[in-house]
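Numbers restart at 1 for each chain; the letters A, B, ... are given by sequence-line order, proteins then strands. Being a predicted model, the structure only gives us computed values, none of them experimental.
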Amino acid sequence: KAGVTQTPRYLIKTRGQQVTLSCSPISGHRSVSWYQQTPGQGLQFLFEYFSETQRNKGNFPGRFSGRQFSNSRSEMNVSTLELGDSALYLCASSLGLVPSSGNTIYFGEGSWLTVV
Amino acid sequence: AQSVTQPDIHITVSEGASLELRCNYSYGATPYLFWYVQSPGQGLQLLLKYFSGDTLVQGIKGFEAEFKRSQSSFNLRKPSVHWSDAAEYFCAVGAGQFYFGTGTSLTVIP
């Protein structure tokens, strides 16, 4: 079956703009989580959504937000972009809430965001 | 607090040589442990996972990892490395959310 699909794969934005990234989970997966990956900070957890509700949130400012739709697809939005937001944004899906129940997360290929 | 440490930032091995990547974690309860691999420009691919039971787990691509509770370690091993194994390797502990190590970059010399 198809894996986690993220769109767009690459995008360039100007400082101050906003961006929306999309993620389609593996069919049947109800949990979607988002991560930011940068060379300096590594992989950092942004948030997790399950059944259209945000279940867990990382330590990021309110400019970073997300949502999940009834078909489990998810979007994340970053407003008022800063140069430091340039990163690879990874989406991951799992059957249920992440690992407290032993679920494995499967990653998409990511969306490369460059802020200029 | 939960954390994962990968002490080796970069490792270089010759093709055909054995490999061991180190991972130490900090977590108060029995952890869920994972190893992922990331090729340049790609997402993360699951290599193997440990939830419970046998402490030696087998994964894809000939990788295995051993959970040692007394050492809080979950080291990844491969008996014979192939050039295609060159990538970034991440250890992770699952505890409400995933906590990733900073990664180990593997270079394979022909």
(message) If hydrophobic clusters are built by linking Ile, Leu, Val, Met, Phe, Trp and Tyr wherever their side-chain heavy atoms come under 4.5 Å apart, do B/Leu48 and B/Leu21 end up in the same one?
(response) yes

(message) If hydrophobic clusters are built from ILVMFWY residues whose side chains come within less than 4.5 Å, do A/Phe64 and A/Trp112 share one?
(response) no

(message) Return the OH to CG distance between B/Tyr36 and A/Leu43, rounded to the nearest 0.5 Å.
(response) 10.5 Å

(request) Evaluate ring pair (Phe, Tyr, Trp, His ring centres under 6.0 Å) for B/Phe100 paired with A/Tyr35, printing each intermediate quantity in order. (result) CA-CA 10 Å; B/Phe100 285 87; A/Tyr35 293 80; 5.6 Å; yes

(message) Can you tell me which portion of B/Leu46 sits under 4.5 Å from chain A's heavy atoms? Options are side chain, backbone, both or neither.
(response) side chain

(request) Please report the shortest heavy-atom distance between A/Thr104 and B/Phe51, naming the atom on each side. (result) OG1-CZ, 3.6 Å

(request) Counting only heavy atoms closer than 4.5 Å, note whether A/Arg55 contacts chain B via side chain, backbone, both or neither. (result) neither

(message) Tell me whether A/Arg15 at atom CZ has more than 12 heavy atoms from other residues, nucleotides or ligands lying less than 6.0 Å away.
(response) no

(request) May I ask whether B/Leu33 and B/Leu47 are part of the same hydrophobic cluster, defined by side-chain heavy atoms of I, L, V, M, F, W, Y residues being less than 4.5 angstrom apart, directly or through others? (result) yes

(request) Quick one: pull up CD1 in A/Ile105 and CZ in B/Phe98 and give me the separation to the nearest 0.5 Å. (result) 4.0 Å

(message) Please classify the contact between A/Gln37 and chain B as side chain, backbone, both or neither, with a heavy-atom cut-off of under 4.5 Å.
(response) side chain

(message) Within residues 78-88 of chain A, which residues come under 4.5 Å of chain B, heavy atom to heavy atom?
(response) A/Leu88

(message) Does any backbone or side-chain atom of B/Gln45 lie under 4.5 Å from a heavy atom of chain A? Answer side chain, backbone, both or neither.
(response) neither

